[in-house]
Trainee: 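What follows is a single structure, and I will ask about it in a moment.
Just the heavy atoms: all of them, side chains too, but no hydrogens, waters or symmetry mates, feed the values below. Numbers for residues simply follow the sequence, beginning at 1.
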Amino acid sequence: SSGEVPNLYSAEDFEPVMQELAPIAKKEGIPDQTEAIFSFFIERARNNLHVVLAMSPVGEPFRNRIRMYPAFVNCTTIDLFTEWPKDALTEVAEKYLEEVNFGENSASISKSIATMFVTMHMSVVENSKRMLSEMKRHNYVTATNYLELVSGYKKLVEEKRKELGDAKSKLENGVDKLNDTKQKVEEMSKELSVQKIQVEKYQKECEEYLVVLVQKKHDADEQQKSVASRSAKIGEEEEKCKQMAEVAQKDLDEALPALLEAEKALEALNKNDIDEIRAYPNPPNHVRIVMESVMTLRGCGTSWAEAKKELGVSGFIKSLVNFDKDHIPDKLLKVIGSKYINDPEFTPENVGRVSFAAKSLCMWVRAMEKYGKIYRTVEPKRKRLHEAMAKLEEKQKSLADAQAKLKEINERIDELKLQYDEKLAQKEELRRKMEITQEKLERAGKLVSGLSGECERWTLSVAKYEESIGYLVGDCLLASAFLSYMGPFLSNYREDMISSIWIK
């Protein structure tokens, strides 16, 4: 009660305070001593420090505090506030309710609730007096009760609003999920119908591709057999043609050595050799016979004068080398053979004893006669060979066309097989998706059918929660007032206040 707390400051802690107060104490005429300045400090604190201490006078705690601290009575100015006026109650309620959102018309609702707070508080005060007069029982209605009412209401509204809102949102989410599931079931049903149609379409296309593929494979097999058969026949014909060519060439090869030897002998002749023969005015018999045979083969006159004339023609030897040996008439060959070749004296050895140039010409005549006879035998073979080769070429061309057609068929088969595999893969993929969709649809259908009753109940519960949220402001007001005030009252007082004043 003296305002001094013993040992409040240590010497070190008081030193800064003393330094600040020293100039002021000096002006006030206080000695520069620690005890004097401390007393000056306490006096200044007592004069300038004002404490407002508020306590409720209700109950045992207040009596205990007065007994323990008598200075609460001796050293204080007691101001007993027994009852708050209506304006104060209203202002306090409105201040508390500023942070509460009541939705539309929040300000007017807040004012009405504040007014209701005051009405409730005043009705409790009146009924407390009534209970005192009727039952001699005290009920102290203080501002604390009112503050508990307002703060309790604010807290209760927030809690119940959250509680009801969460419950409503939970059920609404459940209903939305069920409705969404129903919608998805309908969509999956439509999707499943479309997938079934697509699977049937792909199945039909696969069957059509398979029919075409089998037909094309059959055509390819037949074409392959035909090509193989033709290839075998053509191979046999090629072998026959090869044998025919070898036989014909073998026959020709018999005459070629003599022909080549005669051509070499002709090429070995020069102008002097020819001039040697021309120099004979009346040639030896061997020379004359050789020139007759040469002129006969050339189809010219066989007289010596004609022979000399031909020998003088430029390119005579070249004409013999390039002689058309393939087309010597049969009649001419017979004449040459019977008249000259069969003559024992008409040999290169005999003629060579007389003239070297005549020997070469003799060799040429004999070679032409031999070649001509062999060529007559070989020519039909060569014609047959050419005809066979022409037919073989046609057959090879036909075979090539057949092989090209077979290749085209095989390519078409590969293309069809690829398309068939693609369609089959698409069908299987779609079938797999359809099975998954069917499984999901069955599960969703079971879920929807199993929760159909719950959906109705949840919908009704959401409506009830919405209704409860609509009544939440008033229900919480009654509940918080009941909790704050109704403890001391009997049931008849409670019913009378609720029915006659609060709800009315």
Trainee: Considering residues, nucleotides and ligands other than E408, do more than 12 of their heavy atoms fall under 6.0 Å from its CD?
Mentor: no
Trainee: Scan the side chains in residues 119-130 for donor-acceptor partners under 3.5 Å anywhere in the protein, sequence neighbours excluded, and list what turns up.
Mentor:
unit_1: T119; atom_1: OG1; unit_2: T115; atom_2: O; d: 3.0
unit_1: H121; atom_1: ND1; unit_2: Y485; atom_2: OH; d: 2.7
unit_1: S123; atom_1: OG; unit_2: T119; atom_2: O; d: 3.3
unit_1: S123; atom_1: OG; unit_2: M120; atom_2: O; d: 2.6
unit_1: S123; atom_1: OG; unit_2: W502; atom_2: NE1; d: 3.0
unit_1: N127; atom_1: OD1; unit_2: R130; atom_2: NH1; d: 3.3
unit_1: N127; atom_1: ND2; unit_2: S123; atom_2: O; d: 2.8
unit_1: S128; atom_1: OG; unit_2: V124; atom_2: O; d: 2.7
unit_1: S128; atom_1: OG; unit_2: N139; atom_2: ND2; d: 2.8
unit_1: R130; atom_1: NE; unit_2: E134; atom_2: OE2; d: 3.2
unit_1: R130; atom_1: NH1; unit_2: D496; atom_2: OD2; d: 3.0

Trainee: Please confirm whether the backbone N or O of M497 pairs with a side-chain atom of S500, one donor and one acceptor, at under 3.5 Å?
Mentor: no
Trainee: Indicate yes or no: at least one non-hydrogen side-chain atom of V73 is less than 4.5 angstrom from one of I66.
Mentor: yes
Trainee: Just wondering, more than 12 heavy atoms not from E428 lying within 6.0 Å of its CD?
Mentor: yes
Trainee: With a 3.5 Å cut-off and sequence neighbours excluded, list the donor-acceptor pairs that the side chains of residues 20-31 form with protein atoms.
Mentor:
none

Trainee: Side chain to side chain contact (heavy atoms under 4.5 Å, CB included) for F117 and L149? Distances and angles first, verdict last.
Mentor: CA-CA 8 Å; F117 280 153; L149 167 65; 3.6 Å; yes
Trainee: When rounded to the nearest 0.5 angstrom, what distance separates CG in L477 from CD1 in I503?
Mentor: 10.5 Å
Trainee: May I have the step-by-step check of side chain to side chain contact (heavy atoms under 4.5 Å, CB included) for F40 and M18, ending in yes or no?
Mentor: CA-CA 10 Å; F40 177 67; M18 185 174 176; over 6 Å; no
Trainee: What I'd like to find out is whether the side chain of Y96 reaches to under 4.5 Å of the side chain of V92, using heavy atoms alone.
Mentor: yes
Trainee: Which atom names give the shortest non-hydrogen contact between R137 and P488, and what distance separates them?
Mentor: NH1-O, 3.5 Å
Trainee: From E98 CD over to S106 OG, what is the distance, rounded to the nearest 0.5 angstrom?
Mentor: 10.5 Å
Trainee: Less than 4.5 Å apart, any side-chain heavy atom of K111 and any of L97?
Mentor: no
Trainee: Who pairs with H138 by side chain to side chain contact (heavy atoms under 4.5 Å, CB included), at least two apart in sequence or on another chain?
Mentor: L132, Y140
Trainee: Do any side-chain atoms of residues 150-158 form donor-acceptor pairs under 3.5 angstrom with protein atoms, and if so which ones, sequence neighbours left out?
Mentor:
unit_1: S151; atom_1: OG; unit_2: L147; atom_2: O; d: 2.8
unit_1: S151; atom_1: OG; unit_2: E148; atom_2: O; d: 3.4
unit_1: Y153; atom_1: OH; unit_2: V473; atom_2: O; d: 3.2
unit_1: K154; atom_1: NZ; unit_2: E99; atom_2: OE1; d: 2.7

Trainee: Under the salt bridge (Lys or Arg N to Asp or Glu O under 4.0 Å) rule, what pairs show up with a residue in residues 9-18, not counting sequence neighbours?
Mentor: none
Trainee: To the nearest 0.5 Å, what is the distance between CG on L171 and CD on E466?
Mentor: 10.5 Å
Trainee: Is it true that a side-chain atom of R494 and a backbone atom of F489 form a donor plus acceptor pair closer than 3.5 Å?
Mentor: yes
Trainee: What I want to check is whether the side chains of N145 and T142 have a donor and an acceptor closer together than 3.5 Å.
Mentor: yes
Trainee: Could you give me the CA-CA distance, side-chain angles and deciding distance for R63 and E60, then say whether salt bridge (Lys or Arg N to Asp or Glu O under 4.0 Å) is met?
Mentor: CA-CA 5 Å; R63 287 192 291 272; E60 189 68 24; 2.6 Å; yes
Trainee: Could you tell me whether R46 and E43 have a side-chain N and a carboxylate O separated by less than 4.0 Å?
Mentor: yes
Trainee: After noting the C-alpha distance and the side-chain angles of E163 and K160, does the key distance pass the side chain to side chain contact (heavy atoms under 4.5 Å, CB included) rule?
Mentor: CA-CA 5 Å; E163 179 183 341; K160 290 298 178 181; 3.3 Å; yes
Trainee: Once you round to the nearest 0.5 Å, how far does OH of Y465 lie from NZ of K170?
Mentor: 9.0 Å
Trainee: Walk me through it: do L53 and T76 pass the test side chain to side chain contact (heavy atoms under 4.5 Å, CB included)?
Mentor: CA-CA 9 Å; L53 181 62; T76 60; over 6 Å; no
Trainee: Can you tell me how far apart NZ (K168) and CD1 (I469) are? Round to the nearest 0.5 Å.
Mentor: 5.0 Å
Trainee: Using side chain to side chain donor-acceptor pair (under 3.5 Å) as the criterion, list what pairs up with N64, not counting sequence neighbours.
Mentor: R67
Trainee: Would you say CE of M68 has more than 12 non-hydrogen atoms from neighbouring residues, nucleotides or ligands within 6.0 angstrom?
Mentor: no
Trainee: Roughly how far apart are S491 OG and Y493 OH, rounded to 0.5 Å?
Mentor: 10.5 Å
Trainee: Ignoring hydrogens, what is the shortest heavy-atom contact between T90 and Y146? Give both atom names and the distance.
Mentor: N-OH, 4.1 Å
